[in-house]
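Shown next, in structure tokens, is the structure this report addresses.
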There are 2 protein chains.
Amino acid sequence: MRIGELSKRTDAPVRMLRYYEEQGLIHSERLANGYRDYEDYTVDRVRQIRGLLDVGLPTRIIKQILPCLNSPRTIHMPYVTPDMIATLEDERDRMAEKIECLTKNHRAINDYLDAVSHEVRTVPAAGDSARPAGQP
Amino acid sequence: MRIGELSKRTDAPVRMLRYYEEQGLIHSERLANGYRDYEDYTVDRVRQIRGLLDVGLPTRIIKQILPCLNSPRTIHMPYVTPDMIATLEDERDRMAEKIECLTKNHRAINDYLDAVSHEVRTVPAAGDSARPAGQP
DNA sequence: TCAAAGGGTGACATCAATGTGAAGGTCAAA
DNA sequence: TTTGACCTTCACATTGATGTCACCCTTTGA
């Protein structure tokens, strides 16, 4: 597929697809006329990339991580250097920390929203309802 | 405490502490000489901020979220607008997505590392061990 | 009293992820 | 054949989180 379709299917700006390619995160063949031509699986790959970016990983890391997550492993096994492994272990641990942080705060927000919705159901007809906006 | 100590205790560059203050994420009193003076709880606050930043949330959002997570709730309850609630709900959902993304990829990396360590224990004395670096 | 350490503000630099626009090629449909 | 949609590369702008430097003030200890 060409870049426009990929963009539509992944909801990523065309500009970004070219950028990801420049960063070595995705790959394209070229048609006779020079247009980029993507394989179908690129759609999933781009979605994954966007997810990882959104979650705070830089392209530099994503580039290292990706090949270990998508491709048939047997292909990549033999190429893995101790260095790579160390990087992956590091990143895995950092991800664990992030998950913990997110989970904690997610729960906190949830609790807060719960409490608020309680309040809303409990207090509404009460006294000082005179503060519509956020300015104290 | 003054900014230097806060910096040491949170491992955040002084520069960043001033930046967080500028963004309204933390607050300081001023000593007679103009030096910033932080309350003790700021240490935790800064740690939380750094965690959230690391996890991909922008200061803009953190600023909205923070007051709901730290302070005694009763103080903040009455000020909550439907707008705020909507923002929080949105952000909560986005965090859930992020957690899912991270969890999935974390597991994948883990599986991969498992598999690799297996290989390492199984294949080492095998054939084509001639590719030390990462260049195909 | 002078130096060093720590603070303050302000401004400019950087890096990564994006936006945006210019200038030009390809192709299909009117 | 011309128009419009889609593609190319190149380049400059922007935004957010940082780094860094310049210049000045305060406190403390030799």
Side-chain angles (χ1 to χ4, degrees), chain A residues 1-39 42-43 45-66 87 91 94 97-98 101-102, chain B residues 1-39 42-43 45-66 87 91 94 97-98 101-102:
Chain A
M1 98 202 62
R2 286 175 314 178
I3 203 168
E5 191 187 340
L6 182 59
S7 169
K8 265 169 213 148
R9 287 173 62 181
T10 59
D11 217 49
V14 166
R15 171 73 174 82
M16 283 304 97
L17 298 175
R18 294 200 263 250
Y19 176 68
Y20 299 154
E21 183 170 331
E22 191 185 308
Q23 301 302 308
L25 303 185
I26 57 179
H27 170 260
S28 67
E29 302 294 323
R30 292 302 178 118
L31 299 172
N33 54 13
Y35 288 14
R36 268 165 259 252
D37 184 31
Y38 296 99
E39 304 265 3
T42 315
V43 173
R45 203 165 228 251
V46 169
R47 291 203 183 116
Q48 190 173 21
I49 290 168
R50 302 221 110 210
L52 291 170
L53 278 173
D54 187 48
V55 119
L57 283 84
T59 54
R60 186 184 81 255
I61 297 293
I62 298 179
K63 183 177 173 175
Q64 300 214 289
I65 282 179
L66 264 190
T87 305
E91 213 45 47
R94 286 174 48 70
E97 280 169 32
K98 290 185 181 195
C101 173
L102 272 172
Chain B
M1 97 200 64
R2 288 175 312 178
I3 204 169
E5 191 186 340
L6 182 59
S7 169
K8 267 170 211 146
R9 286 172 62 181
T10 59
D11 216 48
V14 166
R15 171 71 173 84
M16 283 304 97
L17 297 174
R18 294 201 263 249
Y19 176 68
Y20 299 153
E21 184 169 331
E22 191 185 310
Q23 300 304 307
L25 303 185
I26 58 179
H27 171 260
S28 66
E29 302 293 324
R30 293 300 178 122
L31 299 173
N33 54 12
Y35 288 12
R36 267 165 263 253
D37 185 30
Y38 296 98
E39 304 265 1
T42 314
V43 173
R45 206 165 225 252
V46 170
R47 292 202 182 116
Q48 190 173 22
I49 291 168
R50 302 222 109 209
L52 292 170
L53 278 175
D54 187 48
V55 119
L57 282 85
T59 54
R60 185 185 81 254
I61 297 293
I62 297 178
K63 182 178 174 176
Q64 299 214 290
I65 282 180
L66 264 189
T87 303
E91 214 44 49
R94 287 174 46 71
E97 280 168 31
K98 290 186 182 197
C101 173
L102 273 171

Separation of dG6(C) atom C1' from Glu5(B) atom CD, nearest Å, is 13 Å
note: Arg15(B), atom CZ; dG6(C), atom C1'; distance rounded to Å ~ 17 Å
Here the distance between atom C1' of dT8(D) and atom CZ of Arg36(A), to the nearest Å, is 7 Å
Rounded to whole Å, the NZ-C1' distance (Lys8(A) to dC7(D)) equals 12 Å
Taken to the nearest whole Å, CD/Glu21(A) to P/dC10(D) is 13 Å
| query | dG8(C) base to Tyr35(B) side chain: any donor-acceptor pair below 3.5 Å? | reply | no
Rounded to whole Å, CD of Gln23(B) lies from P of dG16(D) at a distance of 8 Å
Contacts of Arg50(A) and Ile3(B) projected onto DNA chain C by closest heavy atom; the upstream (5') one is Ile3(B)
*asked:* If the cut-off is 4.0 Å, is Thr59(B) near the phosphate of dA17(D), judged by side-chain N/O to OP1 or OP2?
replied: yes
task: Could you tell me whether a side-chain N or O of Ser7(B) sits under 3.5 Å from a main-chain N or O of Ala12(B), the two making a donor and an acceptor?
output: yes
When Asn33(A) and Met16(B) are each assigned the nearest nucleotide of DNA chain D, the 5'-most assignment goes to Asn33(A)
In whole angstroms, the gap separating C1' of dG8(C) from CG of Leu6(B) amounts to 16 Å
Distance-only donor-acceptor test, Arg2(B) side-chain atoms vs dG7(C) base atoms, 3.5 Å = no
Practice item. State whether the side chain of Arg47(A) and the backbone N or O of Asp11(A) hold a donor-acceptor pair below 3.5 Å, judged by distance alone. Key: no
- Query: Checking Asp37(A) side chain against Arg30(A) main chain: does a donor-acceptor pair fall under 3.5 Å?
  - Reply: no
- Query: So do the side chains of Arg94(A) and Asp54(B) get within less than 4.5 Å of each other, counting heavy atoms only?
  - Reply: yes
- prompt: Between Met1(A) and Val43(A), does a side-chain contact (heavy atoms from CB on, under 4.5 Å) hold up when you go through it step by step?
  reply: CA-CA 10 Å; Met1(A) 98 202 62; Val43(A) 173; 3.9 Å; yes
Within the structure, does a side-chain N or O atom of Tyr20(B) lie under 4.0 Å from either OP1 or OP2 of dT18(D)?
-> yes
Open item on the list: Counting distance alone, no hydrogens or angles: does the base of dT8(D) have a donor or acceptor under 3.5 Å from a partner atom on the side chain of Arg18(A)?
Closed with: no
Ranking Asp54(B) and Arg30(A) by the position along DNA chain D of their nearest nucleotide, the one closer to 5' is Arg30(A)
Separation of dA17(C) atom C1' from Tyr19(A) atom OH, nearest Å, is 5 Å
